[in-house]
Amino acid sequence: MPELPEVETTRRGLEPHLLGCKVNAVRVFNNKLRWPVTPGLSVLLNELTLLALERRGKYLLFRFSGGSLLVHLGMSGSLRLVDNSEPLKKHDHVEVTFDRFVMRFNDPRRFGAVLWVEGDPSVHKLLASLGPEPLSEHFSGDYLFELSRKRTLPVKSFLMDSRVVVGVGNIYANEALFATGIHPLKPAGKITRKRYTLLAEAVVTVLCNAIGSGGSTLRDFVNPQGKPGYFQQTLKVYGRAGLPCVVCGRLLKDVRVAQRTSVFCPSCQK
């Protein structure tokens with residue numbers, strides 16, 4: 001599933017080509033995504049100019065006057081910039097033609113979303129309950145510490161809760177916990193302020209490194225130019241269960257946390 005670094009990579013790849021451009025046409029080839037594509041999208045977007053391209057958690061917001069196009073990549077989605085003459089691919093569901101580029105939304109599993117949101121998108125039901133951005137000044141070790149008091153759920157689940165902080169998906173939660181030596185099953189309320197400070201710093205470092213590498217391509221993700229990400233080549237625990245720990249050499253183990261596989265070192269993480 002595309003996580004925050006992949007979505008941010010997509011945003012950064014699209015922005016310089018589309019910002020300030022006018023929408024000339026919209027075609028919907030399949031509206032049956034996770035939620036139906038907003039009806040009449042071609043009329044709603046016609047002749048509008050893209051004023052800003054932002055990210056909120058794992059959502060992209062294409063801001064126009066009067067509203068925003070909200071896009072979620074789901075489990076396998078991608079946005080590509082192509083020439084108008086390029087043939088459609090099998091799972092291209094929505095196409096937006098700008099002045100100079102054509103943007104196509106491709107999603108084999110159809111868990112993504114393309115929705116028109118009028119007014120302020122922050123109050124939309126998909127965004128209203130989201131926690132702070134991990135790369136913002138609102139995210140810190142003190143914030144995690146205060147919010148976690150008396151919480152008994154595993155710290156991995158706590159960190160991946162979008163109401164606590166957005167965008168820290170499974171890959172990056174695994175890596176941040178390993179970097180700080182915290183066991184994924186340790187109760188969130190039992191972790192000290194000092195360790196949460198280290199964890200918050202690790203989350204930021206891991207996410208920034210992933211963005212710098214163009215995200216992680218484990219199966220489907222490609223950037224707007226059709227290129228994969230490379231952060232997966234530096235992963236220290238995710239996907240490495242049964243292999244030696246890069247620090248101590250002990251074999252890494254895996255455990256299910258909130259229905260997601262968590263890989264950890266039984267020696268380095270306590």
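The first residue of the sequence shown is numbered 1, and numbering continues consecutively from there.
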Open item on the list: Quick one, L14 and L79 - any side-chain contact, counting heavy atoms below 4.5 Å?
Closed with: yes

Open item on the list: Could you measure the distance from the CG atom of L199 to the CZ atom of F158? Nearest 0.5 Å is fine.
Closed with: 9.0 Å

Open item on the list: Count I, L, V, M, F, W, Y as connected when their side-chain heavy atoms are under 4.5 Å apart, and connections chain through other members. Are V7 and L18 then in the same cluster?
Closed with: yes

Task: Distance-only polar pair, side chains of S262 and R256, donor-acceptor under 3.5 Å - done: no

- [ ] With the side chain counted from C-beta on, respond yes when R56 and L70 share a heavy-atom pair under 4.5 Å apart, and no when they do not.
- [x] no

- [ ] Following the transitive rule for hydrophobic clusters with a side-chain heavy-atom cut-off under 4.5 Å over Ile, Leu, Val, Met, Phe, Trp and Tyr, establish whether L153 and L159 coincide in one cluster.
- [x] yes

Open item on the list: Measuring only between side-chain heavy atoms, which start at C-beta, is V71 closer than 4.5 Å to Y59?
Closed with: no

Open item on the list: Using side chain to side chain contact (heavy atoms under 4.5 Å, CB included), reason through V164 and L147 one step at a time and then give a plain yes or no.
Closed with: CA-CA 8 Å; V164 173; L147 198 61; 3.8 Å; yes

Open item on the list: Taking CZ in F111 as the centre, count heavy atoms belonging to other residues, nucleotides or ligands within less than 6.0 Å. Is the count above 12?
Closed with: no

Task: Within 6.0 angstrom of R163 CZ, more than 12 heavy atoms from elsewhere - done: no

- [ ] Please step through side chain to side chain donor-acceptor pair (under 3.5 Å) for the pair K156 and N170, ending with a clear verdict.
- [x] CA-CA 9 Å; K156 172 88 177 304; N170 195 35; 2.7 Å; yes

Open item on the list: Assess, by modelled atom type and distance only, whether the side chains of S85 and D83 contain a donor and an acceptor separated by less than 3.5 Å.
Closed with: yes

Task: D120: partners by side chain to side chain contact (heavy atoms under 4.5 Å, CB included), with sequence neighbours left out - done: S122, V123

TODO: Following the transitive rule for hydrophobic clusters with a side-chain heavy-atom cut-off under 4.5 Å over Ile, Leu, Val, Met, Phe, Trp and Tyr, establish whether I211 and L61 coincide in one cluster.
DONE: no

Open item on the list: If you compare all heavy atoms of G131 against all heavy atoms of V166, which two are closest, and at what distance to 0.1 Å?
Closed with: O-CG1, 3.4 Å

Open item on the list: Within the structure provided, determine whether V155 and P187 are in side-chain contact (heavy-atom separation under 4.5 Å).
Closed with: no

Open item on the list: Before we go on, tell me: are the rings of F264 and H183 under 6.0 Å apart, centre to centre?
Closed with: yes

Task: Test log, rule side chain to side chain contact (heavy atoms under 4.5 Å, CB included), inputs L45 and W116 - done: CA-CA 9 Å; L45 288 175; W116 175 256; 3.5 Å; yes

Open item on the list: Is any side-chain heavy atom of I182 closer than 4.5 Å to one of R195?
Closed with: yes

Open item on the list: Looking at every heavy atom in both K186 and K270, which two are closest together, and how far apart are they?
Closed with: CD-O, 3.9 Å

Open item on the list: Under 4.0 Å between a side-chain nitrogen and a carboxylate oxygen: does that hold for D107 and R34?
Closed with: no

Task: Sidechain N-carboxylate O distance under 4.0 Å for K58, E6 - done: no

Task: S68 side chain to F64 backbone, donor-acceptor under 3.5 Å - done: no

Task: Interatomic spacing from CZ in F178 to CD in Q269 - rounded to 0.5 Å - done: 6.5 Å

Open item on the list: Does any part of the side chain of N24, heavy atoms only, come nearer than 4.5 Å to the side chain of V96, both counted from C-beta?
Closed with: no

TODO: Can you measure from CG (L251) to SG (C245) and round to the nearest 0.5 angstrom?
DONE: 10.0 Å

Task: Any Y172 side-chain heavy atom under 4.5 Å of P5 side chain - done: yes

TODO: Would you give the length of the straight line joining atom CG of L69 to atom CG of L41, rounded to the nearest 0.5 angstrom?
DONE: 6.0 Å

TODO: Please report the closest heavy-atom contact between E3 and I171, naming both atoms and the distance.
DONE: OE2-N, 3.5 Å

TODO: With R104 as reference, evaluate E86, H91, E95 under the side-chain hydrogen bond (donor to acceptor under 3.5 Å, both in side chains) test and give the passing residue.
DONE: E95

Open item on the list: On a heavy-atom basis, which atom in P121 and which in L127 lie closest, and how many Å separate them?
Closed with: O-CD1, 3.1 Å

- [ ] Measure the shortest side-chain to side-chain distance between S42 and R27 over non-hydrogen atoms and say whether it is less than 4.5 angstrom.
- [x] no

Open item on the list: Closer than 3.5 angstrom, by distance alone: can the side chain of E15 be matched with the main-chain N or O of R11 as a donor-acceptor pair?
Closed with: no

TODO: Would you indicate whether R100, at its atom CZ, is surrounded by more than 12 heavy atoms from other residues, nucleotides or ligands within a distance under 6.0 Å?
DONE: no

Task: Same cluster (ILVMFWY, side-chain, under 4.5 Å), L81 and V114 - done: yes

- [ ] Write down the atom of L44, the atom of P39, and the distance for their closest heavy-atom approach.
- [x] CD1-O, 4.0 Å

Open item on the list: Here's a test for you: under side-chain contact (heavy atoms from CB on, under 4.5 Å), which of N106, N30, V37, N31 qualifies with V94?
Closed with: V37

Task: Flag, side chain of S148 to backbone of L144, donor-acceptor distance under 3.5 Å - done: yes

Task: Test log, rule side chain to side chain contact (heavy atoms under 4.5 Å, CB included), inputs L126 and V117 - done: CA-CA 11 Å; L126 294 175; V117 179; over 6 Å; no

Open item on the list: If you compare all heavy atoms of F139 against all heavy atoms of P134, which two are closest, and at what distance to 0.1 Å?
Closed with: CD2-O, 3.3 Å

Task: OG1 on T38 to CG on L115, rounded to 0.5 Å - done: 4.5 Å

Under 3.5 Å, which donor-acceptor pairs do the side chains of residues 46-54 form with other protein atoms, sequence neighbours left out?
residue, atom, partner, partner atom, Å
E54, OE1, R63, NE, 2.6
E54, OE1, R63, NH2, 3.3
E54, OE2, R63, NE, 3.2

Task: Distance (rounded to the nearest 0.5 Å) between E175 CD and L235 CG - done: 4.5 Å

Task: F29 ring center within less than 6.0 Å of H93 ring center - done: no

Open item on the list: Can you tell me how the ring of F145 sits relative to the ring of Y196, calling it parallel under 30°, perpendicular over 60° and tilted otherwise?
Closed with: perpendicular

TODO: Evaluate side chain to side chain contact (heavy atoms under 4.5 Å, CB included) for V168 paired with L4, printing each intermediate quantity in order.
DONE: CA-CA 7 Å; V168 186; L4 186 152; over 6 Å; no

Open item on the list: Is there a path of hydrophobic side-chain contacts, each under 4.5 Å between heavy atoms, that joins Y238 and L207?
Closed with: yes

